[in-house]
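First the proteins, then the strands, lettered A, B, ... as listed; each starts at 1. It should be emphasised that the depicted structure is a prediction, and the values quoted were computed from it without experimental measurement. Scope of the values below: all heavy atoms of this structure, side chains included, with no hydrogens, waters or symmetry mates.
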Amino acid sequence: MKALFSDGTVAETNEELKVVRHTCSHILAQAVKRLYPETKLAIGPAIDKGFYYDFDREGGFTPEDLEALEAEMKKIIKENIKLETFTKPRAEAIEFMRELGEPYKVELIEDLPEDSVISFYRQGDFTDLCAGPHILYTKGVKAFKLTSLAGAYWRGNEKNKMLTRIYGTAFLSKDELAEYLTMLEEAKKRDHRKLGRELGIFTMMDEGPGFPFFLPNGMVLKNTLIDYWRQIHTREGYVEISTPIMLNRHLWETSGHWDHYKENMYTTVIDDTDFAVKPMNCPGGMLVYKYEPRSYRDLPMRMGELGLVHRHEKSGQLHGLMRVRCFTQDDAHIFMTQEQIPSEIKGVISIIDEVYKLFGFKYHVELSTRPENSMGSDEDWEIATKGLKSALDDLGLPYVVNEGDGAFYGPKIDFHLEDSIGRTWQCGTIQLDFQLPQRFEAEYTGEDGEKHRPIMIHRVVFGSIERFIGILIEHFAGKFPAWLAPVQVKVLPVSEKSHDYASRVYEELKASGLRCEIDRRDEKIGYKIREAQLMKIPYMIIVGENESANGTISVRSRDRGDLGSAKTADFITEIKEEIEKKA
RNA sequence: GCCGGUAUAGCUCAGUUGGUAGAGCAGCUCAUUCGUAAUGAGCAGGUCGCAGGUUCGAGUCCCGUUACCGGCUCCA
């Protein structure tokens, strides 16, 4: 799998590593067949960070089985078995796998063309359907580890049987494997669910699965992001609206959500009428557009909305702030003429790029095309898809195409951010929509005095403020830059003797608009510093009798340690500059 | 939703083959008035996720259920 990034880099795929991992998956399958011969084999490819193999075995496997399998795999590697390839015509290959009692392999071969020649790999007592390539001897696998167990549907389809997937990884040397395992441990430490609780940002309660509670520090973060969002959107000519959280069934029937999205919507009845809690903001935005007659002079009309949407996501897929059941989209709908499509799309891409760069994120772009369950004419889909493509091409932005992955009302460009463990999260999206304006019969009066239908863009930059905060927590490991930090400065008096002076400093900092706290507890200074440090507060102001006597403060930076003494006013000027620059 | 796992104090975790719950940190009180990542002592804190069952007796065993964790599928 290749990932193209915004900065033009391509995630390198190390071919040698891939081959070793693939061979390692065969060694795993061989070990499974030796220890648990009744197991049926599915597939076992090399993946981004390792490999997996799917098995069908009554009762699956346990973590203890993994240990036994690792031991058996080591044995196989030590035996240094030669891997040999051979081929068979399709019919014979099917018969061969049938004799070996591998129904999944038979199914795989049956899907190949009639005249194909099927290749196999044999290593001692084990043979697998495989296109290769592989390393020559099992001893070539120098360092591997089985990492986890998981369920996985046969061929990735939830209608099929759930198999047991064993994940593992392999590297070219023991050192590289150890380095990778350490990296996983480090990633765990910055898990946003752990840091979210420790830093008082958010929490989840049993009473509302998937509905996050924002704590005081989290609200500061959220509001700061929103302030920034408003600032750049105002600059870019957006207006802001807010539409109701619940609207009646008629609206959702008009928009198509009642037919296409019902299983994800929360519904209720008010005065005998069906209502749905909005899963998207667009129908509400549409109503605002239609509220008064529009002229071509009003277009493009960029209408933003920080909309709280609710979606009934399946329980098993909730994940901290990354996947929730209610979230705030930094939405905007742009109404425009067909001629304005390219420039508007470019405008949105440029905002997204600006925002992601500010946080130092790497991202890659995907273009998703028409899905099966879609609305609208072939022609509209073609124009819309072409519009998105040409904008990306004009900007020279690299992208991959996901055929059939678009929204039911139009194609989309997705922006995927990479997190600390290398997972990617869909954040920004730009979706072009001809359907909604038609369904709602939206119009504008053209220069010619005739009624015309506007085209609509749906777009988000953060995607979901909640998810974006989750990603930020992991990205910064909780060490937010000063402009985002919930508490920017903490004043730490050395002892009670300096409380008065410390309080004056604290008041001065507060009056200057900084987010600050003071720690007046009867604890040693080392203890207070340790705690402020653990809360990842960017600046600590230490004041004792020396400072009190000289009218100064001692500044300690979270990242750079003791910075020595300064005048309060000078410190304020400096930190404000840092905040202003969003450094 | 599906497969597998977990659930003990605010947090991190002990709890032997079933015999009525324990530590560290946090909290509170007192002492201490301290100089750049943990001062000391004392106190308090739990119907062991919830609901059934087995048993003389269940945190421990069984069934159900809820939430969470790792994945699958789906997605902002």
Next on the checklist: Can you work out whether A/Cys326 or A/Leu149 has the more 5'-proximal nearest nucleotide on RNA chain B?
Outcome noted: A/Leu149
Item to check | Heavy atoms from other residues, nucleotides or ligands near CE of A/Met219 exceed 12 (cutoff 6.0 Å) | outcome: yes
Checklist entry - How far does the P atom of B/U12 sit from the matching atom of B/G49, given to the nearest Å? => result 15 Å
Checklist entry - Does any N or O donor sit under 3.5 Å from an N or O acceptor when you compare the side chain of A/Glu313 with the base of B/G1? => result no
Checklist outcome for this item: Side-chain contact check for A/Ile529: nearest option of B/A37, B/A76, B/U12 is B/A37
Checklist entry - Are A/Lys528 and B/U36 close enough that a side-chain N or O sits under 4.0 Å from OP1 or OP2? => result no
Next on the checklist: In whole Å, I'd like the distance from the CD atom of A/Glu523 to the C1' atom of B/A41.
Outcome noted: 14 Å
Item to check | Sugar-phosphate, base or nothing in reach of A/Val309, heavy atoms under 4.0 Å | outcome: nothing
Checklist entry - Is A/Asp414 paired with A/Lys412 through a side-chain N to carboxylate O contact shorter than 4.0 Å? => result yes
Checklist entry - To the nearest Å, how far apart are A/His260 NE2 and B/C75 P? => result 14 Å
Checklist entry - How far, in whole Å, is B/A14 from B/C3 if one measures between their C1' atoms? => result 31 Å
Next on the checklist: Below the 4.0 Å mark, does B/G70 have OP1 or OP2 next to a side-chain nitrogen or oxygen of A/Arg193?
Outcome noted: yes
Checklist outcome for this item: When rounded to whole Å, the CG to C1' distance for the pair A/Asp405 and B/C74 reads 10 Å
Checklist entry - Contact class for A/Asp206 vs. all strands (heavy atom < 4.0 Å): base, sugar-phosphate, or nothing? => result sugar-phosphate
Checklist entry - Can we say A/Lys33 and A/Glu102 salt-bridge, meaning some charged N sits less than 4.0 Å from an Asp/Glu carboxylate O? => result yes
Next on the checklist: Looking at B/C2, I'd like to know if its phosphate oxygens (OP1 or OP2) sit under 4.0 Å from a side-chain N or O belonging to A/Arg165.
Outcome noted: no
Next on the checklist: When both hydrogen-bonding distances must be under 3.5 Å and the geometry is Watson-Crick or G-U wobble, what is B/G18 paired with, if anything?
Outcome noted: none
Item to check | Test side-chain contact (heavy atoms from CB on, under 4.5 Å) applied to A/Ile334 and A/Leu432, A/Ile430, A/Val348, the passing residue | outcome: A/Val348
Checklist outcome for this item: Atom OH of A/Tyr167 and atom P of B/G5 are separated, to the nearest Å, by 17 Å
Checklist outcome for this item: Separation of B/A37 atom C1' from A/Met535 atom CE, nearest Å, is 15 Å
Next on the checklist: In whole Å, measure the gap between the P atoms of B/C28 and B/U66 for me.
Outcome noted: 38 Å
Next on the checklist: Measuring to OP1 and OP2 of B/G70, would you say a side-chain N or O of A/His319 lies under 4.0 angstrom away?
Outcome noted: yes
Checklist entry - Is there a salt bridge (Lys or Arg N to Asp or Glu O under 4.0 Å) between A/Glu466 and A/Arg325 once you walk through the steps? => result CA-CA 11 Å; A/Glu466 287 76 5; A/Arg325 283 180 172 155; over 6 Å; no
Checklist entry - Hey, is the side chain of A/Arg521 poking within less than 4.0 Å of OP1 or OP2 on B/A26, counting only N and O atoms? => result no
Next on the checklist: What's the gap between B/G15 and B/A7 when it is taken at their C1' atoms, as a whole Å value?
Outcome noted: 15 Å
Item to check | Nucleotide paired to B/G27 in any strand shown, Watson-Crick or G-U, under 3.5 Å | outcome: B/C43
Checklist entry - Between A/Arg530 and A/Glu523, does at least one N-O distance fall below 4.0 Å, as a salt bridge requires? => result no
Next on the checklist: So A/Glu545, base contact, sugar-phosphate only, or nothing? Heavy-atom distance under 4.0 Å.
Outcome noted: base
Item to check | Any donor-acceptor N/O pair under 3.5 Å between B/C74 base and A/Arg323 side chain | outcome: yes
Next on the checklist: Could you tell me how far apart A/Asn546 (CG) and B/U36 (P) are, to the nearest whole angstrom?
Outcome noted: 11 Å
Checklist entry - Can you tell me how far C1' in B/A9 sits from the matching atom in B/G24, rounded to whole Å? => result 12 Å
Checklist entry - If you measure from the Lys or Arg side-chain nitrogens to the Asp or Glu carboxylate oxygens, is any gap between A/Glu403 and A/Arg370 under 4.0 Å? => result no
Item to check | Distance, P atom - from B/C25 to B/A41, rounded to whole angstrom | outcome: 9 Å
Next on the checklist: Does B/A76 have its OP1 or OP2 closer than 4.0 Å to a side-chain nitrogen or oxygen of A/Gln329?
Outcome noted: no
Next on the checklist: Just to be sure I understand the rule, does A/Gly526 reach a base, reach only the sugar-phosphate, or reach nothing, if contact means heavy atoms closer than 4.0 Å?
Outcome noted: sugar-phosphate
Checklist entry - If we take the P atom in both B/G22 and B/C48, what is their distance in whole Å? => result 14 Å
Next on the checklist: So that I know where these two stand, are A/His475 and A/Phe359 an aromatic pair - ring centroids less than 6.0 Å apart?
Outcome noted: no
Next on the checklist: Does B/C3 have OP1 or OP2 under 4.0 Å away from a side-chain N or O of A/Lys161?
Outcome noted: no
Item to check | Polar side-chain contact A/Arg325-B/C75 base: donor and acceptor under 3.5 Å | outcome: no
Checklist entry - Taking the C1' atom of each, how far is B/C50 from B/A58, in whole Å? => result 16 Å
Checklist entry - Does B/A51 have a Watson-Crick or wobble mate here (both distances under 3.5 Å), and if so which one? => result none
Checklist entry - Who does B/U6 pair with, Watson-Crick or G-U, both distances under 3.5 Å? => result B/A67
Next on the checklist: Applying the Watson-Crick and G-U wobble criteria at under 3.5 Å, what pairs with B/C34? Answer none if nothing qualifies.
Outcome noted: none
Checklist entry - With nearest nucleotides of RNA chain B determined for A/Arg311 and A/Tyr153 from heavy-atom distances, which residue corresponds to the more 5′ nucleotide? => result A/Tyr153
Next on the checklist: Using a 5.5 Å cut-off between ring centres and planes within 30 degrees, is A/Phe327 stacked on the base of B/A76?
Outcome noted: yes
Next on the checklist: Check the phosphate of B/G71 against A/Ser148, side-chain N and O only, distance under 4.0 Å to OP1 or OP2. Yes or no?
Outcome noted: no
Item to check | Whole-Å distance separating the CG atom of A/Leu492 from the C1' atom of B/G35 | outcome: 11 Å
Checklist outcome for this item: When rounded to whole Å, the NZ to P distance for the pair A/Lys188 and B/U12 reads 14 Å
Next on the checklist: Suppose we call two aromatic rings close when their centres sit under 6.0 Å apart. Are A/Phe55 and A/Tyr53 close by that rule?
Outcome noted: yes
Item to check | Under 4.0 angstrom between A/Tyr527 side-chain N/O and B/A26 OP1 or OP2 | outcome: yes
